[in-house]
Structures are given as C-alpha cells and as structure tokens.
Q: 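Below you'll find the structure I mean.
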There are 2 protein chains.
Amino acid sequence: MQHLQSYYNSEAKMIRGGFPRPFISRTYQTSFLKQRSKTEIKVVAAKKHSEAEKRRRMRINGQYETLRTILPNLIKHGEIDFVMNHQKDKASVLAETIKQVKELKKKVSEVEQDRCGSSSKDVVKFPSGADRLRLEKCNNEEDLVKATLSCEDSLGLMSAISRAMGSVKTKVVKAEIVSVGGRNRSVFWVQGLGNDRMGMLKSSLKIAMHKPAFKMRRSTH
Amino acid sequence: MQHLQSYYNSEAKMIRGGFPRPFISRTYQTSFLKQRSKTEIKVVAAKKHSEAEKRRRMRINGQYETLRTILPNLIKHGEIDFVMNHQKDKASVLAETIKQVKELKKKVSEVEQDRCGSSSKDVVKFPSGADRLRLEKCNNEEDLVKATLSCEDSLGLMSAISRAMGSVKTKVVKAEIVSVGGRNRSVFWVQGLGNDRMGMLKSSLKIAMHKPAFKMRRSTH
DNA sequence: CGGGACACGTGAGCC
DNA sequence: TGGCTCACGTGTCCC
C-alpha cells in the first residue's frame, strides 16, 4: 500500500504539474488524463477500501477491548504500563464470553424460578394499598402453589393465616413477609395441595385476612 | 493458492522423475534440487501458514456462530433453509453481546443485593440442625442489617422474635421464613439500627430463640 | 527454526 | 454505482 500511495502522489503531481500544458494537444491530453484517471480512480478506490476495512477492524477490535474489560478472566494492566498486557487471544475471549453469558443466564433463570416465575422487576414488592389475594401454581415445580396476599397488618394475622393453612392440611415450605406502614404483604409457597383444595385455601385465607378467627393473649411465662 | 499447489506438485514431479538422472552430474543435481527446495520450502510454508490462518479464522467464526445462537437478538433460520439467514455483522454481534452481558450482570447483582449479598448458591437454605445466630451489615445498602437465625421451631417463636425486634426500636422491612422438620430458619432485614444497638438486638434474639418470653394462648373470639 | 496470533490490503459478493 | 462486509493469503512479531 505504501508504494501505491507514494506512487499515486508523486506520479500524479508530475503529470499534472510537470508537463508543459500548452504544448500538449487537447485530445492527447484528455485521453492521457483519462488513462491516468482510470488508474488513479483504481488507486484511490483501493485506498478508500483499505481505509474502510481498517475502520471496520478497529470497530471490531474496540468491541473486543470492551469485552475484555467487562469479563473477569483476563490479566489486566498492571500498575506499571511498561509491563505489556498479556491478554487472551480473540477466540479465547469469545469462548470466555460465551461461558459467562451461559452462566449468567443460568443464574438469572435459577433465581427467577426460585421466585416462582416472578420477573426480576418486582423482586422487592411492597404491600399493596388495596387488599389482594392470589393463588397460582408454580409452573416449574410440581405440587407447589404460591399464595400472595396484601392486607391490613394485625397482631393475629400470622396466626390466622397459619390456621387457614392448617385447615386444608397443607405445608408452607417457604414464606416471604413484608410489613411496612401498617400494611402486610406475604407470599407463601405451599406444598401438598391438590387442585380441588386450592379454592378452599383461597376462601380460608380470605377470611383470615379480613377477620382473624382468634386473638392472641400474652401471658408472662 | 490453487495455482501454487498445482505448480508445486507438477513441477516437483517433473524435476524429480522427468529428468534422465544418470546424465546429470551429482553436484549439478544437488544444487538444482537445493535451488528447487528453497522455493518448495517457501511454498509449502506459505501453504501451511494460510491453512493455519484458515483454521484460526474458522475457530473465531465458530465462536461467533455459537454466540449468535445464545443471544436472543438475531434473525434465526426460518423453517425453510432456502431462505438465507440474514444475520447481523460481527461488530453488531459483539456489541449486542456486550449489552446482554451488562444487562445480565446488572440483573444478577440486583437480585443478589436484594438478597443482601448471599450468593446464588445458597438461595434456598434450609434450617441448620445446630442453633445459629448471625447479624451482618448489608454492604450495598446503608442502614440495613441482615439477621439470620436457625433454631427449634415453636408456636411462640415469631412473637418472641417480633418482641426482640421491638425492644430495640427497629423495623423489619423484609422477612424470609423457612420452617421444615421442626426446625426454623429465618432471615430478617432490619432498618433503623445503629452500630451500638446491633449487640443489643443480637442478645435479644438469642434469648427469643431459646426461651420465648411469653406463650400464646388461643381463645375463640 | 516453527507455530501462533494479529494487522493488512485485496477480491468478491450483496444491497 | 458505491459503500459495506467477509474471506483470503501474506508480512510480521513473539515465543
């Protein structure tokens, strides 16, 4: 490329400026220039081409670079910049990326299925102002029902809910309880509940939410 | 490359087999062969080189391919394979990859900080057989303490814990309770607790865990 | 030296 | 037609 470019520059200059223009016939000049123009065009096209290609390469390599920075696997710059960065080759970077993406995806899906299908958007959910009750089957876990409820918080609430759970002979394997501002939002993961008893549990919970069936009385032990 | 290879094959054959060997002087033959060997070596080296380079390219492009498959952003193969796959160019694939990786990382860290630093390995933790109590500050959230306890499950346990929480004028913003096999593991995220009162809460909880300060008595309302 | 990794310029194909 | 991408073979540098 070097020689082409210099060739292009020097030769073109000589032709354009070096010849005594008045002594060249018009037709000869034009044909000559046309001749030159053709190769000039070719050369300049090649130059453009190679430059565009260089830009493309730089774009891609820039992406590799940022990829290297966000992946926790390569040797970073030392404190001293004299020490050359011993970085992994492109194929390895891509391989590592693939690995990481797969791992991250697995992680995310694990957590999401752990939350029984809730998206990561509503990870932290505060009690709703309105009373709510929802039962849903967990699609990725057999025989697991997620009961979500929002209601007024009260002293006997948990006991009432526990009683409601017990009334349908079910087992709460996990609970998530948020109480804030006098409101309560609870999520219960329930096992051992057939399709038929989902309605029963729902009505029991509805009752428990609104008028706890019993009150607690404290007595010093 | 094609012409180089055929050149190498045919010429070599002609030289080796085509000449009437007995009539060539030994020195001439060897020097001639040597001469040939040099270009031969060069040619075969070039071939090896280009082949290695091809292998390298294929390795990299293979990675691009798998990257394309695991990223949910590109037009996939249609049912009909005649329709050519209109796929994004390399730079875009890398850019999309970077975007995805960043998003996934954010998602994961969000969830993990929501769980207050617990790794995704111990997302579902069952109660420990031994009694345990641990208080730790959440590093990514100011004024948030995570209290984790494992102990014998009992009817008054939650009330006792609630009392312990109230005794240090703190607020539980979130709770995670797992009760299984007569054992209980609870995690409480607590706000409004100074450094000085962490010890107080710890001892209060310790007491609540082992001998609840009061018992519940049920009475029909 | 040989093998690996990269950048380069160029030919080819595709809108 | 030109602008873009890709594959290719090669030059070069580094173990």
Q: Taking atom C1' of D:dG9 as reference, at what distance in whole Å does atom NZ of B:Lys42 sit?
A: 14 Å
Q: The test is salt bridge (Lys or Arg N to Asp or Glu O under 4.0 Å); show your working for B:Glu53 and B:Arg56 and say whether it passes.
A: CA-CA 5 Å; B:Glu53 186 63 13; B:Arg56 177 176 163 269; 2.9 Å; yes
Q: Taking the six-membered ring of B:Tyr64 as reference, does the NZ or CZ atom of B:Lys90 fall below 6.0 Å from its centre and within a 45° cone about the axis?
A: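 Yes.
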Q: Hey, does the side chain of B:Asn61 come within less than 4.0 Å of D:dA7's phosphate (OP1/OP2), counting only N and O?
A: yes
Q: Report the nucleotide, chosen from C:dT10, D:dG9, C:dG3, that has the shortest atom-to-atom distance to any side-chain atom of A:Ser50.
A: C:dT10
Q: Can you name the side-chain hydrogen bond (donor to acceptor under 3.5 Å, both in side chains) partners of A:Glu103, sequence neighbours left out?
A: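 Testing A:Glu103 for side-chain hydrogen bond (donor to acceptor under 3.5 Å, both in side chains), a comparison that skips the adjacent residues, returns none.
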Q: Going by the rule side-chain contact (heavy atoms from CB on, under 4.5 Å), which residues pair with B:Lys48 if we only count those two or more places apart in sequence or in a different chain?
A: none
Q: Just jot down the side-chain contact (heavy atoms from CB on, under 4.5 Å) partners of B:Ala95, sequence neighbours excluded, or say none.
A: A:Gln63
Q: Just the rounded figure in Å: distance from P of C:dG9 to CD of A:Glu51.
A: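 Answer to the nearest Å: 9 Å.
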Q: In this structure, how many angstroms lie between the P atom of D:dG2 and the NZ atom of A:Lys48, rounded?
A: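 The distance from NZ of A:Lys48 to P of D:dG2 comes to 8 Å, rounded to the nearest Å.
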Q: For B:Asp143, which residues count as a side-chain contact (heavy atoms from CB on, under 4.5 Å) partner, sequence neighbours excluded?
A: B:Gln191
Q: Whole Å only: how far is the CD atom of B:Glu65 from the C1' atom of D:dC6?
A: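 For the pair B:Glu65 CD and D:dC6 C1', the rounded distance is 13 Å.
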Q: What integer distance in Å separates B:Leu94:CG from D:dT5:P?
A: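 Going from CG in B:Leu94 over to P in D:dT5 covers 13 Å.
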Q: Between P on C:dA5 and OH on A:Tyr64, what's the gap in Å once rounded to a whole number?
A: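 Atom OH in A:Tyr64 sits about 13 Å away from atom P in C:dA5.
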Q: When the distance from CE of B:Met58 to P of C:dG4 is rounded to whole Å, what number comes out?
A: 15 Å
Q: At under 4.0 Å, does any side-chain N or O of B:Arg57 touch on OP1 or OP2 of C:dA5?
A: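 B:Arg57 to C:dA5 OP1/OP2: no side-chain N or O under 4.0 Å.
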Q: Round to a whole Å and report the spacing from CZ of B:Arg59 to C1' of C:dA5.
A: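 Atom CZ in B:Arg59 sits about 9 Å away from atom C1' in C:dA5.
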Q: Between the protein and nucleotides 11-15 of chain D, which nitrogen or oxygen pairs are less than 3.5 angstrom apart?
A:
from   : atom 1 : to      : atom 2 : distance (Å)
D:dG11 : N7     : B:His49 : NE2    : 3.4
D:dG11 : O6     : B:His49 : NE2    : 2.7

Q: Are A:Arg56 and D:dC4 close enough that a side-chain N or O sits under 4.0 Å from OP1 or OP2?
A: no
Q: Only counting residues at least two apart or in another chain, list the ones meeting side-chain contact (heavy atoms from CB on, under 4.5 Å) with B:Lys42.
A: none
Q: Ignoring backbone atoms, establish whether A:Lys90 has a side-chain N or O less than 4.0 Å from OP1 or OP2 of C:dA7.
A: yes
Q: Counting the atoms with a prime plus P, OP1 and OP2 as sugar-phosphate, which does A:Arg55 contact under 4.0 Å by heavy atoms, base, sugar-phosphate, or nothing?
A: nothing
Q: Using OP1 and OP2 only, check whether a side-chain N or O of A:Lys54 sits under 4.0 Å from C:dC8.
A: yes
